[in-house]
*Asks:* 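One structure coming up, written as structure tokens, with questions to follow.
Numbered from 1 within each chain, the chains take letters A, B, ... in sequence-line order. As the structure is a prediction and not an experimental result, all values here were calculated from the model.
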Protein chains: 2
Amino acid sequence: MQKVPTVYDVAELAGVSIATVSRVLRKPHEVADATRDRVNAAVLDLGYVPSGSARSLAARRAGAIGLCLPDFDGIDDDPALAPVTFSDGQVPTVLDFPEDVELGDNLYISEVMLGTEIEAWQHGLAVTIAVARGSRGTDIFDNLAGRVDGIVTLARTIPDQQLAHIARRVPVVVLAGPRAGDEYDHITTDNREGMRVMTSHVVEAHGVTDLAFVGGPADSPDDDARFRGFCEALRTAGLPVPSAPVARGDYTRVQGRSIGRRLVADGGVPRALVCSNDQTALGVLDVLTGAGIRVPQDVIVTGFDGIDASEMSRPRLTTVYQPMRDLGRAAVDTLLHRLRDTQLPPQTRSLPVRVLLRDSCGCLPAQAA
Amino acid sequence: MQKVPTVYDVAELAGVSIATVSRVLRKPHEVADATRDRVNAAVLDLGYVPSGSARSLAARRAGAIGLCLPDFDGIDDDPALAPVTFSDGQVPTVLDFPEDVELGDNLYISEVMLGTEIEAWQHGLAVTIAVARGSRGTDIFDNLAGRVDGIVTLARTIPDQQLAHIARRVPVVVLAGPRAGDEYDHITTDNREGMRVMTSHVVEAHGVTDLAFVGGPADSPDDDARFRGFCEALRTAGLPVPSAPVARGDYTRVQGRSIGRRLVADGGVPRALVCSNDQTALGVLDVLTGAGIRVPQDVIVTGFDGIDASEMSRPRLTTVYQPMRDLGRAAVDTLLHRLRDTQLPPQTRSLPVRVLLRDSCGCLPAQAA
DNA sequence: TTGTATGCGTTATCAG
DNA sequence: CTGATAACGCATACAA
């Protein structure tokens, strides 16, 4: 690492020009065998690794795509984030009581991330991540936009104005957002229809007439669509349609628990609780079973997303599965299309969901493993 | 996106030189207010976003760090990875039986990733990810090394030889690996001591004399250290010390289940099963409770890692918690130190673990929520 | 405070 | 098949 070698060093050692070195690396077949071997030997000998910046600059493409995510870890702007503590060799033993700690609230995002990475990998692209935390968001996204060929962003992660600015440089694909008359490509899932079918199932298959919707953030378009699906099912069934969710959380399990506690305390737990996402449903489930209320016998609980945790709960959660991983993959795929043809009109592509009937609605007998 | 504007365009529009534009962006205070305003206006007007490649090249630093991860999603080299399917508007409803699907096997890695991102974010650095899948691994890491200022890699992700090559260009920090006489910086956790204390607890607090170790991959240094800790505890207690784990999995829950089934079938389930990681323990737990074997009354089960899922199981899993997020953070921190002082001797920094006593060893009464 | 000129390490175009 | 050489877009030392 003393003096990082460049093409010039390799060229000199191999006794060729830098053009040839470049060729050996990019288009080996255009170079004579003997020459190629000499160059490769020099590369190994010197420990040469091409500069990505120089290459991107010259080739006019970064070979990477950017992924913008909201602050999903609760770090936010905390300037006093404690420094890492190193070991002193001691191993304390502590009684660990159940607590309301954040649990797996980033499962959804992890999957999206993974899908993005997989598809990018398939096309030989790197993925660079930027998370919107606190105030530093502004420059971090500009910075990202400058170093990638395209950007995938979760809806509402980047302020509209800034997104517009960025989009003038690189194509942008928005995930899970509503089409708001913008010019970006969008990837969505069948939120409304999924929730409609889920709700209808509870009404028709289980004969429930008393059900409530536990919502997410009021400004979430996903939540809105799901609530509308819920209402539509009730309307079709001739049941009274609420004007708003019975409660609203923030999509976390912890909030789901608060809501559950409040409902139990109020004594107003309906026959079925249709939740806007899995984490909320799991939080509600935690409280209900803890309070001795049987699910699904006394109360039916359903979720939305199909995260791993919904499969691991007892009872297992009936939910609407959406292909989170495919969300990321589809985004990259769309990005590549656009990169290829800039003139395409803005697209919206939708991914399918499916209702997964499990224990928490009473379709399957609760079982252990 | 037609013609991406450059410093030259901004300079022209603002009636200044490119040097001034650059200054406005990098050192705003060195520029007169009026000038600065004009430039900023031009930037906004043109939708200018600086080129990351050009900047990195000129500044001789990438402003990003690379994170190398093993193939943790089972995608591997599958060339026929099915393309994403888009929605046809239908929402199928299916009975979803419990299956042996992969469940949350990337929890550990997700946390490491998150920690890395957080610390990088704090220092204004981007994080670029590369996953070692199948054969494409080779070029992907070289590619990464060329575009970052330093690399964080999980042990055994990159072949030794290639890692050596890469390390000649950028500093490398290895996570969770053993120090193998290499010149890299390392971050580890107290695997051995953690497992020793855990095992001693089972022996001493619960009076167990009949315990077995369920291991992970035979070539995992972490697993090896944990097994040694296990043995040491037995030796100290004057109990017979096994020469090898009673079974070996691959750290996944699915494998944990297979092992559990085999143990149950053989009728040889000991009083306590000390597992090398949480996923394995959870898989074992799935099978035991499914088979009507009571945990912890009949059999004690313990894990290692402290992933979220260990908190959500019933009974909740007694385990050795290691600060996965801090692993990532410490790695970045170490990288920055090295970047600052290239001459530092290779360091190994260790992170503390702690034994978390929960339901599966019988320390806490099993409870619902 | 601002401008000029040079270099950063590649790729790509054109000759040879 | 190989070699000059001109971009690529920005940062920065040095002048003015």
*Asks:* Let me spell it out: for each of B:Ala54 and B:Lys27, pick the nucleotide of DNA chain D with the closest heavy atom. Which residue's pick is nearer the 5' end?
*Replies:*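 That would be B:Ala54.
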
*Asks:* When you match B:Ala59 and B:Ala19 each to their closest nucleotide on DNA chain C, which lands nearer the 5' end?
*Replies:*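 This one resolves to B:Ala19.
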
*Asks:* To the nearest Å, how far apart are A:Asn143 CG and D:dA11 P?
*Replies:*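 After rounding, the gap between these two atoms is 11 Å.
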
*Asks:* Nearest-nucleotide wise, let me know which of B:Ile18 and B:Arg36 is further upstream toward the 5' end of DNA chain C.
*Replies:* B:Arg36

*Asks:* Base of C:dG7, side chain of B:Arg60 - is there a donor-acceptor contact under 3.5 Å?
*Replies:*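 No.
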
*Asks:* Are OP1 or OP2 of D:dA11 and a side-chain N or O of B:Ser22 less than 4.0 angstrom apart?
*Replies:*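 Answer yes for this pair, as a side-chain N or O of B:Ser22 is under 4.0 Å from OP1 or OP2.
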
*Asks:* Whole angstroms only, please: what is the CG-C1' distance between A:Leu57 and C:dC8?
*Replies:*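 Whole-Å distance recorded here is 9 Å.
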
*Asks:* Measure the distance from CG on A:Leu46 to C1' on C:dG9 and round it to the nearest whole Å.
*Replies:* 15 Å

*Asks:* Where the side chain of B:Thr116 meets the backbone of B:Val112, is there a donor-acceptor pair that is under 3.5 Å apart?
*Replies:* yes

*Asks:* Could you check whether A:Val31 gets within reach of a base, just the sugar-phosphate, or nothing at all, counting any heavy atom under 4.0 Å?
*Replies:*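 Sugar-phosphate contact only - A:Val31 comes under 4.0 Å of backbone atoms but never of a base.
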
*Asks:* From CZ of B:Arg61 over to C1' of D:dT12, roughly how many Å is that when rounded to an integer?
*Replies:*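 Taking CZ of B:Arg61 and C1' of D:dT12, I get 15 Å after rounding.
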
*Asks:* For B:Asp160, I'd like to know if atom CG has over 12 heavy atoms of other residues, nucleotides or ligands within 6.0 Å.
*Replies:* no

*Asks:* Will you find, in the side chains of A:Thr128 and B:Thr128, an N or O donor that is under 3.5 Å from an N or O acceptor?
*Replies:*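 Yes, B:Thr128 and A:Thr128 have a side-chain donor paired with an acceptor closer than 3.5 Å.
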
*Asks:* Tell me whether the OP1 or OP2 atom of C:dT2 has a side-chain N or O from B:Ser17 closer than 4.0 Å.
*Replies:* no

*Asks:* Does a side-chain N or O from A:Tyr8 land closer than 4.0 Å to OP1 or OP2 of D:dG3, or not?
*Replies:*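 No, no such contact exists.
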
*Asks:* Looking at A:Ser53, I'd like to know whether one of its side-chain N or O atoms comes within less than 4.0 Å of OP1 or OP2 on C:dC8.
*Replies:* no

*Asks:* Give a yes/no on whether any side-chain N or O of A:Ser51 is located under 4.0 angstrom from OP1 or OP2 of C:dT10.
*Replies:* no

*Asks:* As a quick check of understanding, evaluate salt bridge (Lys or Arg N to Asp or Glu O under 4.0 Å) for B:Arg36 and B:Glu30, giving each step before the final call.
*Replies:* CA-CA 9 Å; B:Arg36 181 173 352 113; B:Glu30 289 185 9; over 6 Å; no

*Asks:* Just the rounded figure in Å: distance from C1' of C:dT11 to CZ of A:Arg23.
*Replies:*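 A:Arg23 atom CZ is separated from C:dT11 atom C1' by 10 Å.
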
